[in-house]
Structure formats: C-alpha cells, structure tokens
Amino acid sequence: MLPATNVQTRERVVVRFSGDSGDGMQLAGNLFSNVSAGEGNQISTFPDYPAEIRAPQGSLSGVSGFQVNLGRGVLTPGDEADVLVAMNPAALKTNIKYLKPNGIIICDVDSFRPADLKKAEYATDDPVKELGIDPKRIMLVPMTTLLKATLADSGMDQRAIMKCKNMLALGLICWLFDKPVESVLHKLRNKFAKKPAVYEANAKVIHAGWDYGHNQHASMPTYRIETESVTPGIYTDVNGNTATAWGLVMASEKSGRPLFLGSYPITPATDILHELAKRKDLGVRACQMEDEIAGVCSAIGASYSGCLAVTSTSGPGLALKSEGIGLAVMAELPLVIIDVQRGGPSTGLPTKTEQTDLMQALYGRNGESPLCVVAATSPTDCFEMAFQASRIAIEHMTPVILLTDAFIANGSSAWRVPEESDYPEIKPRFVTPEMLENGWKPFMRDEESLARYWAIPGMKDAMHRVGGLEKDVETSVISTDGPNHEKMVNLRRQKIANIANDIPDLSIMGNPDAKTILVGWGGTYGHLRTAAEELNAEGVEVAFAQFRYINPMPKNALEALRKYDRIIVAELNTGMFADYLQQHLPMKEILRINKIEGQPFLVREVVEGVKKHLEA
C-alpha cells in the first residue's frame with residue numbers, strides 16, 4: 001500500500017472505463033465494482049454499450065463505456081466521472097464530456113497513432129491540446145508497450161497479449177484507489193479456474209499496472225473511499241437481470257411451484273434466460289422458443305399445468321405477445337411477463353434505456369384486458385419485484401407485467417443476499433376436495449379477492465377447459481350473451497382493483513412540509529431521490545414518491561398526491577405516467593420533466609427541471 005500521506009479520503013468517487021467493444025471495459029469495470037462492493041462500498045453502475053454489434057475498431061461509434069459510482073450514499077452511477085480511463089483516442093473524444101472539470105484521465109498514449117487519430121476524426125496530431133485537457137490531469141501511459149514487455153516471455157501470440165490490456169488499466173485503477181490487488185486476483189482466479197495460463201498472464205499484467213502507477217506517478221494523489229456500516233451477511237454486486245432471475249427462483253421455492261421460463265432472446269432481456277438456464281439444479285425449466293409468440297404460449301401452457309410460468313422480453317416482443325397475454329387474462333391464469341424496456345419504436349435502440357412501454361403494458365391488448373403492472377426501481381429491487389410479481393400472479397390468478405429497463409437490467413448495485421426466511425410463503429389457490437364435492441366450476445371465485453381457483457390437470461373430478469372465448473359466469477361454458485359478457489368484464493376488472501388491498505402504501509419521502517412533490521416510477525428512482533435530496537439541501541422544499549405498483553396503484557396514492565399544490569412527474573418518455581395520473585386526478589395539473597435520449601436522467605437535469613417549474 002502507498003504511504004498514508006499520499007492518500008486522500010473521499011465519501012464517493014465516480015470512475016468511467018471506456019474503449020472499443022473488444023477492449024474488455026465491461027469486465028474491468030465489473031471486477032472493480034465487485035471488489036468495491038465486497039469491501040463495503042455502496043455501488044451503482046451503468047454499462048453504456050454501443051448499438052452496433054461490432055463497429056470498426058477505433059471508430060467513434062464503436063466506443064463502449066462502463067461507469068461506476070462507489071462510496072457512501074450511492075444511488076446513481078453519477079452525473080460526471082472523477083476518473084476517466086480511455087483506451088484509445090475515440091474513447092477519449094466521446095467520453096471527455098462525462099468527466100468533471102478537475103477529473104483525472106488515464107489514457108493509452110500508444111494509441112495516439114496517425115491512423116487512430118484519423119478514425120476518431122481529430123483535426124490535429126495532439127488530442128490533449130485539441131480537447132483542451134490540462135496536461136497535469138492526464139496520465140499518458142504507454143499501455144501497449146508496457147503490456148508487450150510484461151508478457152514478452154509468456155509464449156502468447158500478439159492477439160492474446162492484447163486481450164490483457166484491460167487488466168493493465170484495472171491495475172492502474174487499483175493503485176489510484178488504494179484497492180488491494182489480491183481481491184481482484186481472487187475474482188480472476190475463479191473466472192479462469194479452468195485456464196490457469198490465462199489467469200497467470202492477467203495477474204502479471206495487473207501487478208504491472210499497479211507498479212507503473214506507484215513508480216511513475218507517485219506524486220499524484222490516490223484515493224481511499226469511505227465504506228458504509230453494513231448489516232452482517234453475504235454481499236456481492238448484482239445486475240438487474242440476474243436479480244430478476246433469482247427473485248423468480250425464490251418465488252418458486254416459496255410457492256412450491258416449479259419455475260418455467262418460455263422466452264425468445266431479445267436485447268436487453270436475454271440474460272434472464274441465460275441465468276435461469278443455469279439453474280437446472282433448482283428444478284428450473286428454461287426453454288428458448290422459436291419466437292416471442294411461442295414464448296408466451298409455452299408459458300401459458302406451463303401455467304395451466306401448475307407451474308410458476310414466466311416469459312421475458314423487451315418492447316417489440318411485448319407487442320408480439322399481446323394476444324397471448326389477452327388469452328391468459330381471459331383464462332385467468334397466473335403468468336409473469338417481464339419487459340426490460342429499451343428505446344423504440346420497432347427495433348429502436350436495442351442497447352439504450354427508456355420507459356416507453358408503460359401504455360403498452362397497461363392497455364396494449366384487444367378488448368377489456370386488465371392485468372397487474374408493477375415496476376422495479378433499482379438492480380437489487382428487481383429481485384424484490386420479481387418475487388412480488390410472482391406472488392400476485394399466483395395468489396390473485398392473473399397475468400402480471402413486471403417493467404424493468406435497460407439501465408437497471410444491465411447496471412448493478414451492492415446487494416446483501418437475503419435469507420429464505422426474509423420472504424413469506426406464497427399460497428396458491430388450489431381447488432380443494434371440498435370444492436369438488438360441492439360442484440366446483442372453473443370460474444368460481446374467492447369472495448374477497450374475486451380470484452378464481454387453480455385446478456391442476458390430473459386432479460380427479462377437476463377436468464375442465466379454458467380458452468379465448470367468453471364463458472358463462474355461472475356454468476363456465478362458452479357464452480355469447482351480452483349481459484354475461486359485461487358481468488365477466490367487470491369481474492375481471494374488479495379482481496385487479498382488489499390487488500390494492502394486498503400491496504404496500506405509497507411511501508412519501510423528502511420534506512414533509514413541502515407543497516411540491518416530485519414523482520417517478522420504476523428505474524428512475526436513484527436519480528430522482530438524489531435530486532430531491534439536493535433540492536432540499538439548497539432550501540427548495542420538495543417531497544418525493546416513486547411508484548412500484550402502477551395497476552392497481554397503492555390505496556393511499558391518489559389521496560396522498562392530492563395534498564400537494566404541484567405534482568411534477570419525471571420519466572424517460574413523453575409523459576405516459578403523467579397522463580395516467582392525470583386521468584385519476586383530473587382537477588390537478590400534472591407537470592412534467594421528460595427525456596427520451598436512450599440515456600438515464602442526470603441528477604442535475606431533474607434538479608433544473610424542478611426549479612424551472614417552480615420559477616414558472
């Protein structure tokens with residue numbers, strides 16, 4: 001470790017890794033985040049992938065980024081970075097805008113060749129001067145030269161050597177933030193357990209990066225990040241898609257129902273399928289179907305047979321699944337539909353985040369097709385809301401759409417692995433022998449919730465059929481009678497409304513005396529809560545609420561919002577949730593802060609938006 005006099009203590013620091021898609025910036029960032037989480041730092045990450053599968057090497061369109069905020073009180077990946085790692089001129093040029101004015105840059109000077117500068121569209125041969133960078137704030141490291149010297153006797157070919165360059169940058173970052181190299185090596189050892197030669201090469205390179213920083217730039221300060229006081233337990237960093245998959249597994253365990261996932265690969269939801277495909281040891285059946293329609297239909301069949309049935313997708317796939325979801329609404333079967341939202345319409349922006357599927361989730365089916373819609377607020381909350389979506393689906397016999405988004409699905413946070421006892425039992429509404437003796441019919445309902453009962457195929461005397469044609473409310477046989485159809489429509493609608501009795505109240509945070517409330521839903525939570533805290537610290541009185549349960553809304557939600565003079569809704573669309581609230585609060589003017597750029601909010605954008613409304 002460096003002498004204490006060279007170390008500055010910070011409450012939190014933002015680091016941004018950037019380079020070509022093949023430079024391993026996501027791996028380097030993930031390793032650094034994982035080590036930081038293991039040390040007790042709170043973290044929030046933002047992987048920023050290019051939309052192109054593999055743009056030309058060194059081009060501006062091919063730059064991949066990974067930003068992590070670590071320390072105390074961390075709720076977002078940070079608006080601007082304290083440290084930028086740029087592996088080539090294109091990464092430097094496209095990411096300099098994310099760096100604080102006094103931020104530090106670590107850059108591979110070996111990549112400043114004429115051909116590289118031309119690809120990155122520089123006008124001169126001096127990127128530092130052209131971009132107006134203070135030479136005192138940039139470490140021009142000959143990474144390629146150092147890498148080749150370090151692995152000269154490794155026996156590796158040129159291509160294999162260059163794949164290790166991201167670990168050189170990681171070693172430098174470990175030096176800069178006074179992180180123990182041993183923790184990173186432990187993670188690498190596990191990753192390359194079956195490839196010891198690869199591990200040894202990467203370990204050697206990490207040490208070389210740390211030593212270079214220590215020996216060549218000892219006069220530059222390094223940083224030690226404050227840690228939180230944490231509840232004892234097992235901690236790791238987890239991204240939203242992984243947390244979603246694990247939440248489904250927990251729901252399967254607590255309900256006693258085998259978990260079935262029927263899905264078709266689609267960015268950015270595919271990792272849910274990947275993660276659950278690994279869990280055969282827990283009885284999970286994950287099937288990659290031939291298309292989105294087959295995905296939802298296979299899940300409906302699994303639900304009919306008694307499984308906790310799930311299908312995962314993004315916006316374009318949700319559109320394709322709409323008729324199948326309508327069938328599940330009419331058949332009144334439990335089904336969880338996970339929509340990891342991305343930029344649209346159509347194929348849109350596959351790697352970018354938006355919140356533009358809300359209206360599709362609420363209304364995107366033919367006929368009166370009410371179902372429950374919930375949203376996760378963070379990568380770790382994806383676990384909680386996947387569990388709750390499953391619980392509601394099973395206990396209320398309904399499809400449930402869980403909305404996440406690319407930002408929280410790919411981003412990660414530090415997470416304490418919960419105990420099984422932390423979660424309640426999920427109680428399926430099975431048909432009982434007593435019901436069968438008394439003449440059970442498929443659409444008999446629980447009097448309080450109006451949920452119907454689950455008859456698993458193979459139960460004696462419980463043979464029945466379900467389908468997409470309307471049924472008689474009493475006999476369960478096919479009916480085209482108008483008054484019966486209206487009654488069934490109203491019953492299904494009221495069944496969803498009754499879920500409000502089984503979800504928590506809306507929590508109001510921030511200044512309790514404020515006359516203005518900032519409102520959001522889903523994955524904007526961290527940015528909006530941080531903005532509310534900053535506004536109150538400046539003397540701008542603001543309350544804050546984030547919706548996780550959207551249809552139905554919490555029972556206290558509308559009454560709570562009516563108390564405020566100004567309701568400001570911030571969301572990553574043109575105002576869908578604001579419109580939804582306006583329907584329920586017609587006497588209130590719902591003010592809006594909107595962004596549709598494929599990127600999450602910056603905290604300052606929300607702060608400025610609130611101030612603009614208050615000034616108006």
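Throughout, residue positions are numbered sequentially from 1 according to the sequence presented.
With rounding to the nearest 0.5 Å, the separation of NE2 in H396 from CD1 in I503 is 9.0 Å. A distance of 10.5 Å separates CZ in F443 from CG in D472, rounded to the nearest 0.5 Å. Rounded to the nearest 0.5 angstrom, I338 CD1 and S390 OG are separated by 7.5 Å. With rounding to the nearest 0.5 Å, the separation of CZ in R279 from NE2 in H274 is 14.5 Å. Atom CZ in R492 sits 12.5 Å away from atom CG in L450 (nearest 0.5 Å). Rounding to the nearest 0.5 Å places CD1 of I567 at 7.5 Å from CD1 of I517.
Heavy-atom neighbours of Q599 CD from other residues, nucleotides or ligands within 6.0 Å: above the threshold of 12. Annotation for D422: atom CG counts as buried by contact number, over 12 foreign heavy atoms lying within 6.0 Å. Around atom CZ of R562, more than 12 heavy atoms belonging to other residues, nucleotides or ligands sit under 6.0 Å away. Atom NZ of K441 is surrounded by 12 or fewer heavy atoms from other residues, nucleotides or ligands within 6.0 Å. Within a 6.0 Å sphere centred on CZ of R493, other residues, nucleotides and ligands contribute 12 heavy atoms or fewer.
In summary, the side chains of Y423 and Q388 do not present any donor paired with an acceptor at a separation below 3.5 Å, with no hydrogens or angles considered. Residues D579 and Q583 have side chains that never bring a donor and an acceptor to within less than 3.5 angstrom of each other. Side chains of Q42 and S413: no donor on one and acceptor on the other come within 3.5 Å. In summary, the side chains of Q546 and W521 do not present any donor paired with an acceptor at a separation below 3.5 Å, with no hydrogens or angles considered. Using modelled atom types and a 3.5 Å distance limit, the side chains of N239 and T242 yield a donor-acceptor pair. A donor-acceptor contact closer than 3.5 angstrom is absent between the side chains of Q341 and D339.
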Open item on the list: For a salt bridge (charged side-chain N to carboxylate O under 4.0 Å, His left out) check, start with the C-alpha distance between R365 and E323, then their side-chain angles and the critical distance, and finish with the verdict.
Closed with: CA-CA 7 Å; R365 295 162 296 283; E323 185 182 6; over 6 Å; no
- [ ] Evaluate side chain to side chain contact (heavy atoms under 4.5 Å, CB included) for R529 paired with M509, printing each intermediate quantity in order.
- [x] CA-CA 8 Å; R529 180 172 175 180; M509 295 167 274; 4.3 Å; yes
- [ ] Show your working on side chain to side chain contact (heavy atoms under 4.5 Å, CB included) between S44 and L75 and close with a plain yes or no.
- [x] CA-CA 6 Å; S44 177; L75 293 173; over 6 Å; no
Open item on the list: Assess the residue pair L572 and D405 against the criterion (side chain to side chain contact (heavy atoms under 4.5 Å, CB included)); give the C-alpha distance rounded to whole Å, side-chain angles, the decisive distance to 0.1 Å, and a yes or no.
Closed with: CA-CA 10 Å; L572 299 176; D405 57 58; 5.7 Å; no
TODO: Please assess T313 against K321 for the test side chain to side chain contact (heavy atoms under 4.5 Å, CB included), listing each intermediate value before the final yes or no.
DONE: CA-CA 9 Å; T313 190; K321 294 178 191 291; 3.4 Å; yes
Task: Derivation of the salt bridge (charged side-chain N to carboxylate O under 4.0 Å, His left out) call for D446 and R429 - done: CA-CA 9 Å; D446 172 73; R429 296 182 183 274; 3.7 Å; yes
Open item on the list: Pair E608, K612 - check salt bridge (charged side-chain N to carboxylate O under 4.0 Å, His left out), show working.
Closed with: CA-CA 6 Å; E608 291 166 1; K612 184 177 180 181; over 6 Å; no
Task: Derivation and outcome, salt bridge (charged side-chain N to carboxylate O under 4.0 Å, His left out), residues E332 and R445 - done: CA-CA 11 Å; E332 300 193 53; R445 300 176 186 277; 2.6 Å; yes
Task: Test log, rule side chain to side chain donor-acceptor pair (under 3.5 Å), inputs N498 and Q494 - done: CA-CA 6 Å; N498 288 346; Q494 188 60 45; 2.8 Å; yes
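Residues meeting the side chain to side chain donor-acceptor pair (under 3.5 Å) test with R548, sequence neighbours left out: D381. In this view, R257 satisfies the salt bridge (charged side-chain N to carboxylate O under 4.0 Å, His left out) rule with no residue, not counting sequence neighbours.
S369 is not listed as a side-chain neighbour of I325, based on a closest heavy-atom distance of 4.5 Å or more. In this structure, S263 and Q288 have side chains that are not in contact, with every pair of non-hydrogen atoms separated by 4.5 Å or more. Residues V374 and V400 meet the side-chain proximity criterion, which asks for heavy atoms closer than 4.5 Å. Between T516 and Y564, the closest side-chain pair of non-hydrogen atoms is not below 4.5 Å. At least one side-chain heavy atom of I426 sits under 4.5 Å from a side-chain heavy atom of F387. You'll find the side chain of L362 stays beyond 4.5 Å of the side chain of L371, heavy atoms only. Using a 4.5 Å heavy-atom cutoff, the side chains of M488 and E470 are in contact. The shortest distance between side-chain heavy atoms of I496 and P552 falls below 4.5 Å.
Side chain of W246 to main chain of V238: no donor-acceptor pair is present (N/O by atom type, distance under 3.5 Å, no hydrogens or angles). A donor-acceptor pair under 3.5 Å is absent between the side-chain atoms of T524 and the main chain of G520, judged by distance alone. For S252 (side chain) and L248 (main-chain N/O), no donor-acceptor pair under 3.5 Å exists by modelled atom type. Remark: the backbone N or O of S412 is paired with a side-chain donor or acceptor of T45 at under 3.5 angstrom. Side chain of D357 to main chain of Q360: no donor-acceptor pair is present (N/O by atom type, distance under 3.5 Å, no hydrogens or angles). Without hydrogens or angle criteria, K495 side chain to P370 main chain gives no donor-acceptor distance under 3.5 Å. At least one donor-acceptor pair closer than 3.5 Å links the side chain of T270 to the backbone N or O of I266. Proximity of a side-chain donor or acceptor of D461 to a complementary backbone N or O of E437 within less than 3.5 Å is not detected. With T530 contributing its side chain and H527 its backbone, the two residues share no donor-acceptor pair below 3.5 Å. A donor-acceptor contact shorter than 3.5 Å links the side chain of R342 to the backbone of T267.
Sorted by first and then second residue, the ring-ring contact (aromatic ring centres under 6.0 Å, His included) pairs with a member in residues 459-489 read Y304-H464, W440-H464; sequence neighbours excluded.
The residues E605 and K595 are annotated as salt-bridged, a charged nitrogen and a carboxylate oxygen being separated by less than 4.0 angstrom. A salt bridge is defined here as a Lys NZ or Arg NE, NH1 or NH2 lying under 4.0 Å from an Asp or Glu carboxylate O, and E538 with K611 meets this definition.
The side chain to side chain contact (heavy atoms under 4.5 Å, CB included) with T311 is formed by just one residue from the set I300, V336, I337; it is I337.
For F46 and F407, the ring centers sit closer than 6.0 Å to each other.
Under the 6.0 Å distance and 45° angle rule, R285 does not count as a cation-pi partner of F260.
The aromatic rings of F577 and Y580 lie tilted to each other, with the angle between the two planes from 30° to 60°.
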